[in-house]
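Positions are given from 1, in the same order as the sequence printed here.
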Amino acid sequence: MLGLVFRLASLVCLAIALIAGVLDLTRSIADKVLVMTPLQTDWLQYSPNSLSLLREAVITHVHPYLWSPVIETVLSAPTWAIFALFALIFAMAVRSRRRRWQENFGA
């Protein structure tokens, strides 16, 4: 059951990464300049309240230094890269280990 949830999460993250990549590519072609939209910009565009709630929760309940160097660095990365990384992590979590060909022949 957990494998199904991880596969679905991987698929959703991959779809978001592809959509964000196509949007950045379209903006790059239109502006004739390479455009890579940071995750923070996209997050503020679609749900600014949740980003401020996350910031307050991390600062008050975890540690203030976790927000400033770590999470702000992640938020400055391109949206498509972050979601592609999440898709890869979820996919790797549920992958099945392939047997080596030597194990099949008892060597």
Checklist entry - Can you hop from Leu18 to Leu88 via hydrophobic side chains spaced under 4.5 Å? => result no

Under 3.5 Å, which donor-acceptor pairs link side chains of residues 53-68 to any protein atom two or more places apart or in another chain?
residue	atom	partner	partner atom	Å
Thr60	OG1	Glu56	O	2.7
His63	ND1	Tyr65	N	3.2
Trp67	NE1	Glu72	OE2	3.3

Item to check | side chain to side chain contact (heavy atoms under 4.5 Å, CB included), paired with Phe83, selected from Ile19, Leu39, Leu14, Val12 | outcome: Leu39

Checklist entry - Do Leu23 and Trp43 sit in the same hydrophobic cluster, where Ile, Leu, Val, Met, Phe, Trp and Tyr count as joined when their side-chain heavy atoms come under 4.5 Å apart? => result no

Item to check | Heavy-atom closest pair, residues Thr37 and Arg27 | outcome: OG1-NH1, 3.0 Å

Checklist entry - Does one hydrophobic cluster hold both Leu44 and Ile16, with members joined at side-chain heavy-atom distances below 4.5 Å? => result yes

Checklist outcome for this item: In terms of heavy-atom contacts, Ser10 and Ala87 come closest through OG-O, 3.0 Å

Checklist entry - Does Arg7 reach the side chain of Leu11, with side-chain heavy atoms less than 4.5 Å apart? => result no

Checklist entry - Should Val94 and Leu2 be regarded as members of a common hydrophobic cluster, given that ILVMFWY residues are connected when their side-chain heavy atoms come within less than 4.5 Å of each other, either directly or indirectly? => result yes

Checklist entry - What is the ring orientation for Phe90 with Phe86, classed by angle as parallel under 30°, tilted 30 to 60°, or perpendicular over 60°? => result tilted

Next on the checklist: Does anything in residues 73-90 form a side chain to side chain donor-acceptor pair (under 3.5 Å)? List the pairs, not counting sequence neighbours.
Outcome noted: Asp42-Thr79

